[in-house]
Amino acid sequence: MIHHPSADVLMAYAAGSLPEPHALLIATHLSLCADCRDAAKEMEAVGGALLDRLAPAEIAPDALDRLLKRLDEPAPPKAPLPPADPVLPAPLRAYVGRGIDGITWTKLGGGVEEFRLPIPTTGGYATRLIRIDAGRKIPSHSHDGDELTLVLAGGFIDGDDHYGRGDVAGADPSVNHHPVADADGECICLIVTEGKLRFSGPLGPLLTYFRG
Ligand SMILES: [Zn+2]
């Protein structure tokens with residue numbers, strides 16, 4: 001089963017109204033998912049047509065340009081784009097500034113490492129790459145806010161669902177879950193969290209890496 005962002009999220013992305021961390025995650029998914037890329041382009045076209053029908057005085061002069069640029073330049077590079085990478089698609093590479101092998105990971109214990117992306121945590125969001133050893137389990141936790149995960153390498157199981165490269169997983173404050181990385185290789189994910197996580201398992205107090 002393939003896991004995609006909802007139509008609402010794609011629409012918000014096409015309209016340019018997602019916060020920067022979420023826009024980056026969706027742009028990265030679109031670079032891996034032709035179906036959602038097509039859907040977002042259709043939404044973009046509909047949005048452009050609606051703007052065309054408004055009287056010019058009603059919209060900012062550059063509104064259409066900004067909308068149309070959205071899909072082409074979802075995450076403006078802050079430095080020259082590093083060369084192609086098997087794990088990090090272009091929008092993400094622009095933020096990370098290097099390939100996956102050049103990342104300096106911070107060990108968090110329990111077979112988990114993190115790399116914090118240089119995106120301000122305004123709005124209470126934290127944006128990270130997380131690398132989990134094969135077969136490792138993330139302690140059971142629930143959320144104060146939403147959590148959005150995009151798999152970049154390997155995969156994990158959460159409940160009855162398996163998530164592989166390109167898949168998006170969302171969790172809201174009602175979810176208490178404990179994802180388990182696949183046994184056959186490390187799992188690397190892009191994770192955007194809002195608010196603090198509440199760990200409920202015995203290892204919870206040791207693992208504070210999701211906290212903003
Ligand atoms: Zn998709």
Side-chain angles (χ1 to χ4, degrees), residues 1-50 66-77 81 84-96 99-100 115 117 119 123 125-132 138 143 145-175 177 179-182 184-194 210:
M1 179 178 175
I2 299 171
H3 302 268
H4 307 273
S6 70
D8 285 351
V9 169
L10 281 184
M11 186 71 85
Y13 174 81
S17 59
L18 285 181
E20 187 176 5
H22 301 75
L24 170 61
L25 189 144
I26 297 304
T28 306
H29 174 76
L30 295 190
S31 68
L32 297 170
C33 177
D35 286 349
C36 286
R37 198 160 59 233
D38 290 347
K41 281 186 174 164
E42 272 178 37
M43 292 171 184
E44 172 202 54
V46 170
L50 287 174
R66 280 191 283 120
L67 180 68
L68 294 178
K69 278 178 72 174
R70 198 67 207 169
L71 286 180
D72 295 334
E73 300 177 47
L81 190 63
D85 183 274
V87 173
L88 305 178
L92 196 49
R93 235 160 45 242
Y95 275 87
V96 173
I100 193 74
F115 172 78
L117 272 77
I119 298 179
Y125 299 116
T127 314
R128 298 172 170 87
L129 295 177
I130 293 283
R131 200 197 66 77
I132 309 163
I138 300 289
H143 312 87
D146 290 340
E147 176 187 272
L148 204 56
T149 299
L150 171 68
V151 181
L152 298 164
F156 67 85
I157 287 181
D158 190 2
D160 294 329
D161 291 328
H162 180 265
Y163 297 84
R165 177 168 166 83
D167 282 342
V168 173
D172 66 31
S174 69
V175 174
H177 64 161
V180 182
D182 289 355
D184 60 356
E186 66 178 14
C187 178
I188 298 174
C189 296
L190 172 64
I191 301 182
V192 177
T193 49
E194 176 189 16
F210 280 113

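Excluded from the calculations below are hydrogen atoms, water molecules and symmetry mates; all remaining heavy atoms, backbone and side chain alike, are included. Counting starts at 1 for both ligands and their atoms, in listed order.
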Measure across [X] and [Y] and return the closest heavy-atom pair with its distance rounded to 0.1 Å.
X   : Y    : answer
L88 : I100 : CD1-N, 3.7 Å
P5  : I26  : CB-CD1, 3.8 Å
P89 : R165 : CG-NH2, 4.4 Å

Flag side-chain contact, heavy atom, 4.5 Å: C189 against Y163: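 No, their side chains stay 4.5 Å or more apart.
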Nearest to the Zn ion (ligand 1) - the N/O/S atom of H4, by atom name: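 The Zn ion (ligand 1) is closest to the H4 atom ND1, counting only N, O or S.
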N, O or S atom of C36 closer to the Zn ion (ligand 1) than 2.8 Å: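 Yes, since at least one N, O or S atom of C36 sits under 2.8 Å from the Zn ion (ligand 1).
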The Zn ion (ligand 1): angle it makes with NE2 (H29) and SG (C33), nearest 10 degrees: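 With the Zn ion (ligand 1) as the vertex, NE2 (H29) and SG (C33) sit 110° apart.
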